[in-house]
There are 2 protein chains.
Amino acid sequence: MTLEDILAELRLQREGARHAETGMWVASVLRERIAAGQLAPGSKLSEEALGEALGVSRNTLREAFSALAAEHVVTRIPNRGVYVARPSADDIREIYRVRRYLEPAALAWSPATDVTPLRLAVERSRAAREAGSVTGMADANQAFHAGVVELAGSERLTLLMKQVLAEMRLVFHSMAADPVFHAPYVEDNARIVELLGAGQRAEAAELMADYLRRAEAQLLAAMAGNGA
Amino acid sequence: MTLEDILAELRLQREGARHAETGMWVASVLRERIAAGQLAPGSKLSEEALGEALGVSRNTLREAFSALAAEHVVTRIPNRGVYVARPSADDIREIYRVRRYLEPAALAWSPATDVTPLRLAVERSRAAREAGSVTGMADANQAFHAGVVELAGSERLTLLMKQVLAEMRLVFHSMAADPVFHAPYVEDNARIVELLGAGQRAEAAELMADYLRRAEAQLLAAMAGNGA
DNA sequence: CGCCTCGGATTGTTGAACAATCGCCGAAAA
DNA sequence: TTTTCGGCGATTGTTCAACAATCCGAGGCG
């Protein structure tokens, strides 16, 4: 699908725009397209072209850009424009730094004990693995880790985690992802749920920390090999 | 560096506004004023009046508003305007929820071991207590807790903590703060540094969690008594 | 071969205009 | 008197067109 096709689609998609929402509406549309990989990392988002396609003025579009830049979905280079973010090795380290605090902490100290959503995510992971669906596994895995942080019951931590996971999707889009990257980790997730359900929170947190260290190392190695 | 460059810099610093930065400059000016309490919680920030006062257009001002709204420094009510945020009891609970994960996690799992900045903050706390300086104690206390999260070495966690602490300042500005609110906690901080320095991370984290629970309860009680 | 300048293209910012929405205030009805 | 309803004024949301500032690359020059 070419960029022209996408612009054409976006042109059709504008209908429900209302007063006092246009900026956020544009942001959400771009967020979806980027998450789906239809706007590849590194793509330049021209104010003129996008504004024309979406039927919004440059000012409104820039408001959307500000929101996306704050989420690291997009990179703004002054006087040069905004580009779909292309996470660097340092960005990956930062992502996992955040996750290594958030996820074990949520497992160790959350008041919530309902692990049903986590169990479901593991189920979906396994089903996707059997079906050989790479995106299915990726989605289910993200749902699992988002669910872990949601145990904390904090809006801001949940939001931060969602943004970090969105950046993770960009990482996978940036490099030719290993089709079986997620496969080995499905059973780690299952074991974490098991430990958590049994009340062994410290052990669950430790396993999670270990999992995150391994995943980070694997991603960094893949990126180094794949070429920057 | 030529003389022309120096003249240009001075001109810019005096006038403050630079191409490609005006929006962020406005945001930082407002952020400072709000943090200092010069713009009280609940104050309406009229686009026309503020734009005129700062010498920027409404569009640029709105860009600054978007940034501040994302930080919860300001509340945006559609079609009604933006107001300096006035944190509710729920906001306080959310603030402490975030802190209760971030700060103990940083203490328990950070690779960094340089506690000098924390010691210094404790020193300043004590000096301010002796001098009877309420704002001095508040500032030193904030520096201490920011320093704890900085141990994690994560930009995003540090930023989140700074935003949460900025919201805490709004809490204190919202209610007639107890002048000795911080006093009892100075020695808690000192003990945390002591434990951390001795390598007793789990104990330090536990004490921090306990401290946060007590502070939250005290603030919620004060808010209930003080009247909404 | 490297440096510099110039021009084109794009972004940053402005001010004015119009549309949409809200709260207020007064009029009409109970 | 109280309540409800509708119009009015004020403010925000959005667009538009213009100008200023900046970056990039293409030549011109030594």
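Reminder, nothing fancy here: chain letters follow the sequence lines and each chain counts from 1. This is a predicted model, so every value here is computed, not measured.
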Taking [atom1] from [X] and [atom2] from [N], how many angstroms apart are they, rounded to a whole number?
X	N	atom1	atom2	answer
Leu54(A)	dT14(D)	CG	C1'	15 Å
Trp25(B)	dG12(C)	CH2	P	18 Å
Leu61(A)	dG12(C)	CG	C1'	14 Å
Phe65(A)	dT10(C)	CZ	P	14 Å
Glu48(A)	dT11(C)	CD	C1'	11 Å
Glu63(B)	dT11(C)	CD	C1'	12 Å
Met24(A)	dG13(D)	CE	C1'	12 Å
Asn59(A)	dG15(C)	CG	P	13 Å

- Message: Between the base of dG13(D) and the side chain of Arg58(B), is one N or O donor paired with an acceptor at under 3.5 angstrom?
- Response: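 Side chain to base: pair found, below 3.5 Å.
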- Taking every non-hydrogen atom, the tightest pair across Leu157(A) and Ser154(A):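 That would be N-OG, 3.2 Å.
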Would you say a side-chain N or O of [X] is under 4.0 Å from OP1 or OP2 of [N]?
X	N	result
Ser57(A)	dC16(D)	no
Lys44(A)	dC24(D)	no
Arg62(B)	dG13(D)	yes
Thr60(A)	dT15(D)	yes

From [options], pick the nucleotide closest to the side chain of [X]?
X	options	answer
Glu47(A)	dG12(C), dT12(D), dG15(C)	dG12(C)
Arg80(A)	dT21(C), dC24(D), dG12(C)	dC24(D)
Asn79(B)	dC22(C), dT14(D), dA17(D)	dC22(C)

- Message: Please verify the inter-ring angle class for Tyr101(A) with Trp109(B); under 30° counts as parallel, over 60° as perpendicular, anything in between as tilted.
- Response: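 Judged by the thresholds at 30° and 60°, the geometry between Tyr101(A) and Trp109(B) is tilted.
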- Query: Do the rings of Tyr211(B) and Tyr185(B) sit parallel, tilted or perpendicular, given the 30° and 60° boundaries?
  - Reply: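 Perpendicular: the ring planes of Tyr211(B) and Tyr185(B) meet at over 60°.
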- Message: Testing Glu103(A), Arg213(A), Met168(A) one by one against Tyr96(A) for a side-chain contact (heavy atoms from CB on, under 4.5 Å), which residue passes?
- Response: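 The passing option is Met168(A).
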- Task: Using five base pairs at each end, measure the axis-to-axis angle across the helix from dC1(C)-dG30(D) to dA30(C)-dT1(D) and round it to 10 degrees.
- Result: 10°
- Select from Pro78(A) and Ile77(B) the residue whose nearest nucleotide in DNA chain D is closer to the 5' end of that strand.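 Residue closer to the 5' terminus by nearest nucleotide: Ile77(B).
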- Task: Examine the side chains of His72(A) and Gln163(A) and answer whether a donor and an acceptor come within less than 3.5 Å of each other.
- Result: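 No, no side-chain donor-acceptor pair sits under 3.5 Å.
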- Query: Counting heavy atoms not belonging to Glu52(B), are there more than 12 under 6.0 Å from its CD?
  - Reply: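 No, not enclosed.
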- Taking only residues two or more places apart in sequence or in another chain, which ones pass side-chain contact (heavy atoms from CB on, under 4.5 Å) with Val164(B)?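 Testing Val164(B) for side-chain contact (heavy atoms from CB on, under 4.5 Å), a comparison that skips the adjacent residues, returns Arg156(A), Ile95(B), Val98(B), Arg99(B), Leu160(B).
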